[in-house]
Structures are given as C-alpha cells and as structure tokens.
Engineer: 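My questions will all concern the structure given below.
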Amino acid sequence: MVDNRPNAAVPRPWIAPLISTVITLPASLLALFFGGLTPMACDACNGVEAERFDQSFEIAFTVLQIGLALSFVLLLVSWCLLWNEQNAIRRGAFAALAPCTVLVAVVFFLGLIDGPN
C-alpha cells in the first residue's frame, strides 16, 4: 500500500547519502593527498619559475580546500535532511552533488597550477 501523504516515511532513505559518502570521502582524501604532493613537481625549479609556481599553488590549493569543504557540506546536508518523501529528491540531489564537487575542485586545482615547463 502506498502512502500519499507528503510527510510519509521513505523506505531506505539512507542509500543515496551512504553511496555518496563511500565515494566522496575517499575521493576527497586522495585529492587532498595528491594536492599536497603537487609542490614536489617543482622541486628542481628555481628563480622566476619557482616563484610563479609557488604563487599559483597557494591560490590553487586554497580553491581545492574550499571545494572539498563544500563537498563535505553537501554530503552533510544529504544526511541531515528529514527522512520523508518530500525531501527524497533533494537528498538524492545533494548526495549526487557531493562527489561531483570533488571532481570540479580537482579540475579547478589542476587548471590553476602554473607548473614547470
């Protein structure tokens, strides 16, 4: 029997946030790890090239951290929405946006890096 009330409970509403958590958290940790290793790409750089890389890295790493924080917030929102039918689509959307935000943050990070030639 289907319950047509807008505040009816949804069966297994935790599936979308759980799948998103399993994808988002490891992806975020990998992004942060490899983002932290990026300065080693310019270990042999010197002078103007090193200065240019350092300036671009500071901005890019800040953008990466903000993007990863935003993905965590989206993930948290997907878990904290009320567990009713009215929020089912919103919960799924927030859960889907969390790993997408990690990917976008990594793309922006890589785009902002002015690496060695």
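Note that these values count all heavy atoms, side chains included, but never hydrogens, waters or copies made by symmetry. It should be emphasised that the depicted structure is a prediction, and the values quoted were computed from it without experimental measurement.
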Engineer: Does any part of the side chain of Phe61, heavy atoms only, come nearer than 4.5 Å to the side chain of Leu32, both counted from C-beta?
Structural biologist: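 The answer is yes, as the side chains (C-beta and beyond) meet within the 4.5 Å cut-off.
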
Engineer: State, to 0.1 Å, how close Ala95 and Ser20 come at their nearest heavy-atom pair, and which atoms those are.
Structural biologist: O-OG, 2.6 Å

Engineer: Not counting sequence neighbours, which residues clear side chain to side chain donor-acceptor pair (under 3.5 Å) with Gln65? List them please.
Structural biologist: none

Engineer: Is Asp54 reaching over with its side chain to a backbone N or O of Phe57, donor-acceptor style, under 3.5 angstrom?
Structural biologist: no

Engineer: Would you say Leu76 and Phe94 make side-chain contact, with heavy atoms under 4.5 Å?
Structural biologist: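 No, every pair of side-chain atoms sits at 4.5 Å or beyond.
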
Engineer: Can you find a pair of side-chain heavy atoms, one from Thr101 and one from Leu75, that are under 4.5 Å apart?
Structural biologist: no

Engineer: State which residues pass side chain to side chain donor-acceptor pair (under 3.5 Å) with Thr38; sequence neighbours excluded, sorted by chain then number.
Structural biologist: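 Thr38: no side chain to side chain donor-acceptor pair (under 3.5 Å) contacts found.
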
Engineer: Transitively linked via ILVMFWY side-chain contacts under 4.5 Å: Ile19 with Trp14?
Structural biologist: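 In one cluster: yes.
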
Engineer: Look at the side chain of Arg91 and the backbone N and O of Glu85, then say whether any donor-acceptor pair between them is shorter than 3.5 Å.
Structural biologist: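 Not a single qualifying donor-acceptor pair exists.
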
Engineer: Does Thr62 use its side chain to pair, donor to acceptor, with the backbone of Glu58 at less than 3.5 Å?
Structural biologist: yes

Engineer: Assigning hydrophobic clusters by single linkage (Ile, Leu, Val, Met, Phe, Trp, Tyr; side-chain heavy-atom cutoff under 4.5 Å), is Ile23 placed with Leu103?
Structural biologist: no

Engineer: Could you check whether any side-chain N or O of Thr24 sits under 3.5 Å from a backbone N or O of Thr21, counting only pairs where one atom can act as donor and the other as acceptor?
Structural biologist: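 Not confirmed, Thr24 side chain does not pair with Thr21 backbone.
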
Engineer: Could you pull out the closest heavy-atom pair between Phe53 and Cys42, with the gap in Å?
Structural biologist: CD2-CB, 3.6 Å

Engineer: Can a donor-acceptor pair be found, under 3.5 Å and without considering hydrogens, that links the side chain of Ser71 to the backbone of Leu68?
Structural biologist: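 Checking the backbone N and O of Leu68 against the side chain of Ser71, a donor-acceptor pair under 3.5 Å is found.
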
Engineer: Quick one: CD1 on Ile66 to CG on Leu70, what's the gap to the nearest 0.5 Å?
Structural biologist: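 Ile66 CD1 to Leu70 CG: 9.5 Å, rounded to 0.5 Å.
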
Engineer: Work out which heavy atom in Ala60 is nearest to a heavy atom in Leu112; give both atom names and the distance.
Structural biologist: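 Taking every non-hydrogen atom into account, CB-CB, 3.7 Å.
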
Engineer: Given side chain to side chain contact (heavy atoms under 4.5 Å, CB included), test Trp79 with Leu18 step by step and report yes or no.
Structural biologist: CA-CA 8 Å; Trp79 277 105; Leu18 179 66; 4.2 Å; yes

Engineer: List, by chain and number, the other hydrophobic cluster members for Met40, where Ile, Leu, Val, Met, Phe, Trp and Tyr join if side-chain heavy atoms come within less than 4.5 Å, directly or indirectly.
Structural biologist: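 Members alongside Met40: Leu30, Phe33, Phe34, Leu37.
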
Engineer: Please examine the side chains of Val63 and Phe109, heavy atoms only from C-beta on, and report whether any two atoms are closer than 4.5 Å.
Structural biologist: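 When only atoms from C-beta onward are counted, Val63 and Phe109 do not touch, as no gap falls below 4.5 Å.
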
Engineer: For the hydrophobic clusters of this structure (ILVMFWY residues joined by side-chain heavy atoms under 4.5 Å, transitively), does one cluster hold both Val102 and Ile113?
Structural biologist: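 Result: yes, single cluster for both.
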
Engineer: So does Phe108 have more than 12 non-hydrogen atoms from other groups sitting under 6.0 Å from CZ?
Structural biologist: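 Atom CZ in Phe108 is not packed in, count stays at 12 or less.
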
Engineer: Is Val73 reachable from Leu64 through a run of I, L, V, M, F, W or Y residues, each pair having side-chain heavy atoms under 4.5 Å apart?
Structural biologist: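 Result: no, two separate clusters.
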
Engineer: Taking all non-hydrogen atoms of both residues, which atom of Cys100 and which atom of Ala96 are closest, and how far apart?
Structural biologist: SG-O, 3.2 Å

Engineer: Please say which of Leu82, Ile89, Asn84 ends up in a side chain to side chain contact (heavy atoms under 4.5 Å, CB included) with Gln86.
Structural biologist: Asn84

